[in-house]
Amino acid sequence: MAKKFNITGNCRPESHYMVDITARLQEIEAMVDQGDYITINRARQYGKTTTLRLLADDLQGKYIVVSLDFQNLDSSEFSSVEAFVEAFAREFYLNIRKNDSVDEQSAEKLRLFAEGEVPRASLRKLFLTLSECCARSRHPIVLMIDEVDAASNFQVFLDFLAQLRSGYLHRDVTPTFQSVILAGVQNIRNIKQKLRSESDHQTNSPWNVASVFLLDMNFSVKDIEGMLQSYETDYGTGMDIAAVSRLIFDYTSGYPVLVSGICKNIDERIAGTDAFPDRKAAWTSDGVIEAVSYIYNESNMLFESLQDKLDSYPELREMLFAMLMEGKPVVYNRYDPAIQSALMYGFIRIENKNVVVANRIFETQLYDTFLASPQMRKSELFLRGDREKYQFIKDGRLDMKLILERFVVTFDDLYGDQSQKFIEEDGRRYFLLYLRPIINGTGNYYIEFRTRNQERTDVIVDYLGEQYVCELKIWRGNSYHERGEQQLTDYLDYYHLKKGYMLSFNFNQKKQIGVKEIALGDKVLVEAVV
């Protein structure tokens, strides 16, 4: 059976096109060898389960790997110590019962726990048996638990962590696991803080023995190239692997499920369509852009989770709104719960001590969320853009110059007498409000984060295979303006374009509003002034 790109569940090398994570596995194995206790908390669909299963395969023979998944337990099995002990022992016993390296007597004791035949079963009794099992097994035991979030609302799990910690601290005198790996979305420390009262927080927390897991699980451009090379070996599309990989990375920043999602859309939904009649036509920059539009225009768990976090943390919404819509920098604060939640769920990252949105796809989704609010939809700019949108499409192409011409007129009608401060803070919002209904459903847009600040923003529009770069800026005099023109031509070179667009918010009393074309070397700049 032919391999596929996978975006659901565990990836298997024999069935799916995958990034080679051998180097990552070797680094984790080195941590296991030195006896580390490890927590892997990453956002959903980040490859945690796939990583654990491949790691378990690598460790077999050298270690006895007991691999559990707390999603296999129902909530009733966390309701009491007795229920949890029985459920945990059952899953543990099912893992080891056919392993010849495990002591039979210890395995039999675990079976008794699993079948509820141990009177007054407790975590302490269970861990004494687990210690005996570790002491008598012919190979060290590594315990892996996936989806620990399933236990995040239950005190018994915190007590379980405390027993693990105790075993780790006393392992020089009491046999215990060689290594423990817990994987989930939430950080174990967050679970601990949620379950314990403020008065009960102490420095000897149940998981302060865990090693910091610093491995980058995002895919690099080279990772993506390796996966696409495997695909190219099978199909011989003739794609420019380096260019396609770089473009996929530019949209996703290597977020695993988004990388695979783009590839899957190209392979299964785009290749063979009228616009992309075969794989050769599909595996191009136009095909990548089309694949990204599928992600934007369809509901998915990541976007739903992002919206949930915005609803749960109003301060997070306010922070991201100020950062994206007003260009205000947000300095990383490790004690800010909104920042920590967004970081834990993979929606933001930290760059040069500042908060940035994790990738271009999430950022565009956030812009859409902010611009599609009921309040925004009622704005006159949005309504005019919606009413006038059909005049901007000519022969299937977007007439960006006409969009700027109509925006200048509309903006002057609505806001020509507003204060400078009002316009400075909201300028980019005004243009995006007008633009969004024009391209909605057919095209998409994103903001070049390297130029997003309070004075300058580059908006890149993708529409039916064509790209348009439009710089939004506050007028700061001729010299600043000329530098902006040069920066824009540099970006046109980057995007291999000959025409660019500039929208300047000018507060000089003698300004002349309107649109004109300027020749800059071999480039043409369409400049609008409001």
Salt bridge (charged side-chain N to carboxylate O under 4.0 Å, His left out) against E298, all qualifying residues, sequence neighbours excluded
R269
According to salt bridge (charged side-chain N to carboxylate O under 4.0 Å, His left out), who are the partners of E466, at least two apart in sequence or on a separate chain?
R397
Please test D462 against Y468 for side chain to side chain donor-acceptor pair (under 3.5 Å), starting from the C-alpha separation and ending with a verdict.
CA-CA 7 Å; D462 295 330; Y468 307 81; over 6 Å; no
Could you tell me whether the side chain of [X] and the main chain of [Y] form a donor-acceptor pair under 3.5 Å?
X    : Y    : result
D74  : E77  : yes
R171 : G35  : yes
S179 : V142 : no
Q467 : Y495 : no
S166 : A162 : no
S260 : F5   : no
S137 : C134 : yes
S293 : E290 : yes
Q178 : D33  : yes
T237 : R279 : no

Would you call [X] and [Y] a salt bridge, using N to O less than 4.0 angstrom?
X    : Y    : answer
E315 : R317 : no
D103 : K109 : no
E86  : R90  : no
E147 : K48  : no

Drop me the distance from [X]'s [atom1] to [Y]'s [atom2], to the nearest 0.5 angstrom.
X    : Y    : atom1 : atom2 : answer
Q26  : I21  : CD    : CD1   : 11.0 Å
E225 : I248 : CD    : CD1   : 10.5 Å
N333 : K353 : CG    : NZ    : 13.0 Å
I262 : I266 : CD1   : CD1   : 7.0 Å
Q229 : M239 : CD    : CE    : 8.5 Å

Do [X] and [Y] touch side chain to side chain, with heavy atoms closer than 4.5 Å?
X    : Y    : value
F88  : I145 : yes
V148 : F157 : yes
L228 : C263 : yes
L55  : I181 : yes
I141 : V66  : yes
F127 : L164 : yes
L324 : I447 : no
V173 : H170 : yes

Please determine whether salt bridge (Lys or Arg N to Asp or Glu O under 4.0 Å) holds for the pair D250 and R246, giving the CA-CA distance in whole Å, both sets of side-chain angles, and the decisive distance to 0.1 Å.
CA-CA 6 Å; D250 285 346; R246 165 53 64 178; 3.4 Å; yes
Tell me, with the steps shown, if L73 and F78 meet side chain to side chain contact (heavy atoms under 4.5 Å, CB included).
CA-CA 8 Å; L73 308 185; F78 294 103; 3.7 Å; yes
Please determine if K309 forms a cation-pi arrangement with Y345, meaning its NZ or CZ atom is less than 6.0 Å from the six-membered ring centre and no more than 45° off the ring axis.
yes
Kindly indicate whether a cation-pi arrangement holds for R360 with Y446, taking the cut-offs as under 6.0 Å to the six-membered ring centre and within 45° of the axis.
yes
Start with the C-alpha distance between Y235 and D267, add both sets of side-chain angles, then the distance that settles side chain to side chain donor-acceptor pair (under 3.5 Å), and finish with yes or no.
CA-CA 11 Å; Y235 291 103; D267 180 52; 5.2 Å; no
Would you say the ring centroid of [X] lies under 6.0 angstrom from that of [Y]?
X    : Y    : value
Y231 : W283 : yes
F84  : F160 : yes
F113 : Y93  : no

[X] [atom1]: over 12 foreign heavy atoms closer than 6.0 Å:
X    : atom1 : value
E304 : CD    : yes
K125 : NZ    : yes
N352 : CG    : no

Angle class for the F92/F177 ring planes (parallel below 30°, perpendicular above 60°, tilted otherwise)?
tilted
Using the ring-ring contact (aromatic ring centres under 6.0 Å, His included) definition, which of the options Y296, Y255, Y251, Y367 pairs with F362?
Y255
Any side-chain donor near an acceptor of the partner, [X] and [Y], under 3.5 Å:
X    : Y    : result
S220 : D223 : yes
D286 : T284 : no
R334 : Q340 : no
N10  : T49  : no
D159 : Q155 : yes

For N95, what residues pass the side-chain hydrogen bond (donor to acceptor under 3.5 Å, both in side chains) criterion, not counting sequence neighbours?
none
Tell me, with the steps shown, if D368 and R436 meet salt bridge (Lys or Arg N to Asp or Glu O under 4.0 Å).
CA-CA 8 Å; D368 276 351; R436 185 180 185 276; 3.0 Å; yes
For N300 against I295, the heavy-atom pair lying closest together
ND2-O, 3.9 Å
Check against side chain to side chain contact (heavy atoms under 4.5 Å, CB included), D146 and L68:
CA-CA 6 Å; D146 197 9; L68 311 182; over 6 Å; no
Test salt bridge (Lys or Arg N to Asp or Glu O under 4.0 Å) applied to R24 and E27, step by step:
CA-CA 5 Å; R24 294 177 179 82; E27 291 188 59; over 6 Å; no
What do the steps show when you test V357 against R349 for side chain to side chain contact (heavy atoms under 4.5 Å, CB included), and what is the final call?
CA-CA 6 Å; V357 180; R349 68 178 190 272; over 6 Å; no
Full working for side chain to side chain contact (heavy atoms under 4.5 Å, CB included) between H139 and K62
CA-CA 7 Å; H139 299 294; K62 184 177 183 181; over 6 Å; no
